[in-house]
Amino acid sequence: MIVIAHVSDVHIDGEQRSQDRTRAVLRYLEELPYDLAAVLVTGDIADHATPDEYAVARELLTSRHPLLVCPGNHDDRAAFRKGLLQEETAVRPYAPVDQVLRGEGFVVALCDSSVPGEDQGLLEDETIEWLDGVLAGTPHEVPVLVAFHHPPVPLHTPYVDGIRQFGEERLAALVDRHPHLTAFLAGHAHTAAATTFAGRPLLVAPGVVSALRLPWENPGSENPHVHLDLPPALAFHVLGEDGRLTTHYRTVTL
């Protein structure tokens, strides 16, 4: 059994609240009586992309489990590389931050869907080509999970759907060529969600810093979009020995 924890949208902003919520989630994962195959953090790491925010995030986002982090629309690629990944001499600081984890019996391709200077998402042609290569280089019996920040479909949450991932037809085209592409994982929406994209599951992690009010929850609300009083949450993606993927969502006590 392969278990992957999926965390998203910690939004470290210099306030104690975001730090406490992120710390609680990582502590929960550390104290699990099980070795996770990976911990994925799908974007919006820093709220304003400042060096101080990334310094705090680097301290908080540590784990005994293999941990990968990608940027979101609140992040800055160059600052992310230097402050979080500590790449001091990146030749192309604003190139996509794409990473791959090849585990025992699975592969995770973590793609950068951020667009420098914009809120909407897009996988650059460079990332699509890189992902195609990762998939082509993985045996067909090995499942590949593809993760990024921006979901490539609307989720019926107008507040974020306008800045989702666009150009998604290029991503969908990879599914026909690579049947072992098992599922897509995303963040950004600050709400747990499960849908499909290109005939594959699209599984969205809840937010750590806050939760999104859905359209049928917000009429007359003082804050029509954001729940600040709900606990932080995360997803567990479980790959069984039969190759079937199951996702569980958990809240974390502060």
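Any value given below was found using the heavy atoms of this structure, including those in side chains, with hydrogens, waters and symmetry copies removed. Remember, it's a predicted structure, so these values are computed and weren't measured experimentally.
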Between [X] (side chain) and [Y] (backbone), is there a donor-acceptor pair under 3.5 Å?
| X | Y | result |
| --- | --- | --- |
| Glu53 | His48 | yes |
| Arg58 | Gly83 | yes |
| Asp112 | Val97 | yes |
| Gln99 | Val69 | yes |
| Arg81 | Pro93 | yes |
| Asp161 | His156 | yes |
| Arg102 | Val108 | no |
| Arg213 | His225 | no |
| Ser18 | Glu15 | yes |

Which pair of non-hydrogen atoms, one from [X] and one from [Y], has the smallest distance, and what is that distance?
| X | Y | answer |
| --- | --- | --- |
| Ala49 | Ala79 | O-CB, 3.8 Å |
| Ala37 | Pro66 | O-CG, 3.5 Å |
| Ala147 | Leu40 | CB-CD1, 4.3 Å |
| Ala193 | Tyr249 | O-OH, 3.0 Å |

State plainly whether the residues Arg92 and Glu124 are in salt-bridge range, i.e. N to O under 4.0 Å.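 Salt bridge between Arg92 and Glu124, a charged N being under 4.0 Å from a carboxylate O: no.
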Salt-bridge contact Arg23-Asp20 (side-chain N to carboxylate O under 4.0 Å):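 Looking at Asp20 together with Arg23, the answer is yes, because their closest N to O distance falls below 4.0 Å.
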What distance do [X] atom [atom1] and [Y] atom [atom2] have between them, rounded to the nearest 0.5 Å?
| X | Y | atom1 | atom2 | result |
| --- | --- | --- | --- | --- |
| Leu239 | Arg244 | CG | CZ | 10.5 Å |
| Glu169 | Leu174 | CD | CG | 11.0 Å |
| His6 | Leu234 | NE2 | CG | 9.5 Å |
| His150 | Cys70 | NE2 | SG | 9.5 Å |
| Asp75 | Leu84 | CG | CG | 8.0 Å |
| Leu122 | Thr127 | CG | OG1 | 8.5 Å |

[X] with [Y], same ILVMFWY side-chain cluster at under 4.5 Å:
| X | Y | result |
| --- | --- | --- |
| Ile128 | Phe197 | yes |
| Leu101 | Val39 | no |
| Val160 | Val115 | no |
| Val100 | Phe80 | no |
| Val41 | Leu110 | no |

Is the number of heavy atoms from other residues, nucleotides or ligands under 6.0 Å of [X] [atom1] greater than 12?
| X | atom1 | result |
| --- | --- | --- |
| Glu104 | CD | no |
| Gln16 | CD | yes |
| Arg200 | CZ | yes |
| Glu30 | CD | yes |

Decide yes or no for [X] and [Y]: does some side-chain heavy atom of the first lie under 4.5 Å from some side-chain heavy atom of the second?
| X | Y | value |
| --- | --- | --- |
| Asp125 | Arg170 | yes |
| Asp13 | Gln19 | no |
| Val238 | Ile2 | no |
| Ile4 | Leu36 | no |
| Val208 | Val7 | yes |
| Tyr54 | Ile12 | no |
| Leu123 | Gln165 | yes |
| Pro152 | Phe166 | no |

Counting only pairs under 3.5 Å, give me each side-chain donor-acceptor contact of residues 176-192, with atom names and distances, residues two or more places apart or in other chains.
residue	atom	partner	partner atom	Å
Arg177	NH2	Asp132	OD2	3.2
His178	NE2	Asp132	OD1	2.5
His180	NE2	Leu135	O	3.0
His180	NE2	Thr138	O	3.2
Thr182	OG1	His180	O	3.1
His188	ND1	Asn73	OD1	3.3
His188	ND1	His149	NE2	3.1
His188	NE2	Ile163	O	3.2
His190	ND1	Ser210	O	3.4
His190	ND1	Ser210	OG	3.0
His190	NE2	Asp9	OD1	3.2
His190	NE2	His11	NE2	3.3

Pairs in or reaching into residues 19-38: which pass ring pair (Phe, Tyr, Trp, His ring centres under 6.0 Å), with residues at least two apart or in two chains?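 Ring pair (Phe, Tyr, Trp, His ring centres under 6.0 Å) check on residues 19-38 returns no pairs.
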If we check side chain to side chain contact (heavy atoms under 4.5 Å, CB included) with Leu203, which of these qualifies: Thr196, Thr195, Thr247, Leu145?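 Considering Thr196, Thr195, Thr247, Leu145, a side chain to side chain contact (heavy atoms under 4.5 Å, CB included) with Leu203 is found only for Thr247.
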Passes side-chain contact (heavy atoms from CB on, under 4.5 Å), Arg21 versus Leu254? Steps please. CA-CA 7 Å; Arg21 292 169 77 90; Leu254 291 169; 3.8 Å; yes
Test side-chain contact (heavy atoms from CB on, under 4.5 Å) applied to Asp229 and His227, step by step: CA-CA 6 Å; Asp229 52 347; His227 269 302; 3.5 Å; yes
Examine Phe236 together with His248 and report whether their ring centres are nearer than 6.0 Å.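 No - the distance between ring centres of Phe236 and His248 does not fall below the 6.0 Å cut-off.
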Yes or no on side-chain contact (heavy atoms from CB on, under 4.5 Å) for Leu131 and Asp98, after CA distance, side-chain angles and deciding distance? CA-CA 9 Å; Leu131 179 57; Asp98 299 321; over 6 Å; no
Does Val10 form a side-chain contact (heavy atoms from CB on, under 4.5 Å) with Asp44? I'd like the steps, not just the answer. CA-CA 6 Å; Val10 298; Asp44 279 0; over 6 Å; no
